[in-house]
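In this text the structure is predicted, and so the values were computed from the model without any measurement. All values below come from the heavy atoms of this structure, side chains included, with hydrogens, waters and symmetry mates left out.
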Amino acid sequence: MGAFPLQRSPVLGRMLALVVLCGAVDATAAGVDPDGLGLHHAWAENVGWIDALPDGQPAAALTLQDGLLSGWLWSSNAGWISAGCGNTESCTDVDYRLRLETDPDAPGFLRLVGMAWSENAGWIVAHCATTDTCAQVDYGLQVHAATGVVEGFAWSENLGWLSFSCADTGSCATLDFGLQFDAAELSRPDLIFRNGFEG
């Protein structure tokens, strides 16, 4: 992908330049791939790689704080994917975001719920609980609370299934990929939403 493409989106470029100039984000703030093992990728058969730490740029990366995700993912085929409406200052028009909550069906795991948005690909649903469709198709992203490792599938009507771990596709021996959050951020249960948004 090369250097971070501020020219690709004038609005995004100005926002990221402001964040960098203000010093609001440092290299440790991304919250993904904390051990530097390359665990910041997802795979979709219809679009290829999706990167939660685009070109190693923390200012654009997916960020986890207080149980909410913000920031961006990058796909060379689908473009930028926003993890929340705060990225584009569009919350008054469309309030969307990804967030963690305890998984009632899997002790020791959190589930990632909500939706992300891609200008080129539309909505990406993180868990069937978001759309109340688990009775029809049971899918979703889970995060191991002790390690921060993500597993499972998200769904996009335009991109198809998005896998966040090679273990889900049985490809780790030949194609090792995945996503990991900083487990230190997950060790604060008071900050994880238990049933949707709580105060």
Q: If the condition is side chain to side chain donor-acceptor pair (under 3.5 Å), which residues does H127 pass it with, not counting sequence neighbours?
A: none
Q: Between L159 and A44, which heavy-atom pair has the shortest distance, and what is it?
A: O-CB, 4.2 Å
Q: Side chains of W117 and N87: does their closest heavy-atom pair fall under 4.5 Å?
A: no
Q: How close do A121 and A78 get, counting heavy atoms only, and between which atoms?
A: CB-CB, 4.4 Å
Q: Where do S165 and E151 come nearest, in terms of heavy atoms and distance?
A: CB-CA, 4.1 Å
Q: Give the minimum heavy-atom separation between A154 and A126, together with the two atoms involved.
A: CB-CA, 4.1 Å
Q: Are V150 and V113 in one and the same hydrophobic cluster, where Ile, Leu, Val, Met, Phe, Trp and Tyr link if side-chain heavy atoms are under 4.5 Å apart?
A: no
Q: Using a 3.5 Å distance criterion without hydrogens, assess whether the side chain of Q180 forms a donor-acceptor pair with backbone atoms of P34.
A: no
Q: Roughly how far apart are L162 CG and I124 CD1, rounded to 0.5 Å?
A: 5.5 Å
Q: State, with a plain yes or no, whether a side-chain heavy atom of L100 is found less than 4.5 Å away from one of L112.
A: yes
Q: Measure the CH2-OG distance between W123 and S118 for me, rounded to the nearest 0.5 Å.
A: 10.5 Å
Q: With a 4.5 Å cut-off on side-chain heavy atoms, are L175 and C166 touching?
A: no
Q: Roughly how far, to the nearest 0.5 Å, is the CG atom of N158 from the CG atom of N120?
A: 10.0 Å
Q: Mind listing the closest non-hydrogen atom pair of D66 and E185 along with its distance?
A: N-OE2, 3.0 Å
Q: Should the ring pair W155 and W161 be called parallel, tilted or perpendicular, given that the plane angle runs from 0 to 90° and is split at 30 and 60?
A: tilted
Q: Looking at T63 and A61, would you say the former's side chain and the latter's main chain have a donor-acceptor pair under 3.5 Å?
A: yes
Q: Mind telling me whether W49 and F177 have parallel, tilted or perpendicular rings, with 30° and 60° as the class edges?
A: perpendicular
Q: Measuring from atom CG of L141 to atom CG of L179, what distance do you get when rounded to the nearest 0.5 angstrom?
A: 8.5 Å
Q: Tell me the closest heavy-atom pair linking C91 and G86, and the distance in Å.
A: SG-N, 3.4 Å
Q: Judged by atom type as modelled, is there a donor-acceptor pair below 3.5 Å linking the side chain of T102 to the main-chain atoms of P104?
A: no
Q: Tell me whether Q136 at atom CD has more than 12 heavy atoms from other residues, nucleotides or ligands lying less than 6.0 Å away.
A: yes
Q: Among F181, F164, F109, which residue satisfies the ring pair (Phe, Tyr, Trp, His ring centres under 6.0 Å) criterion with H144?
A: F109
Q: Would a single hydrophobic cluster contain both V94 and M115, if residues Ile, Leu, Val, Met, Phe, Trp and Tyr are joined by side-chain heavy-atom contacts under 4.5 Å?
A: yes
Q: Could you state the interatomic distance from NE2 (H41) to CG (L73), rounded to the nearest 0.5 Å?
A: 10.5 Å
Q: Carefully, step by step, assess L64 and D182 under the rule side-chain contact (heavy atoms from CB on, under 4.5 Å).
A: CA-CA 8 Å; L64 173 63; D182 187 347; over 6 Å; no
Q: Quick one: NE2 on H40 to CG on L62, what's the gap to the nearest 0.5 Å?
A: 12.0 Å
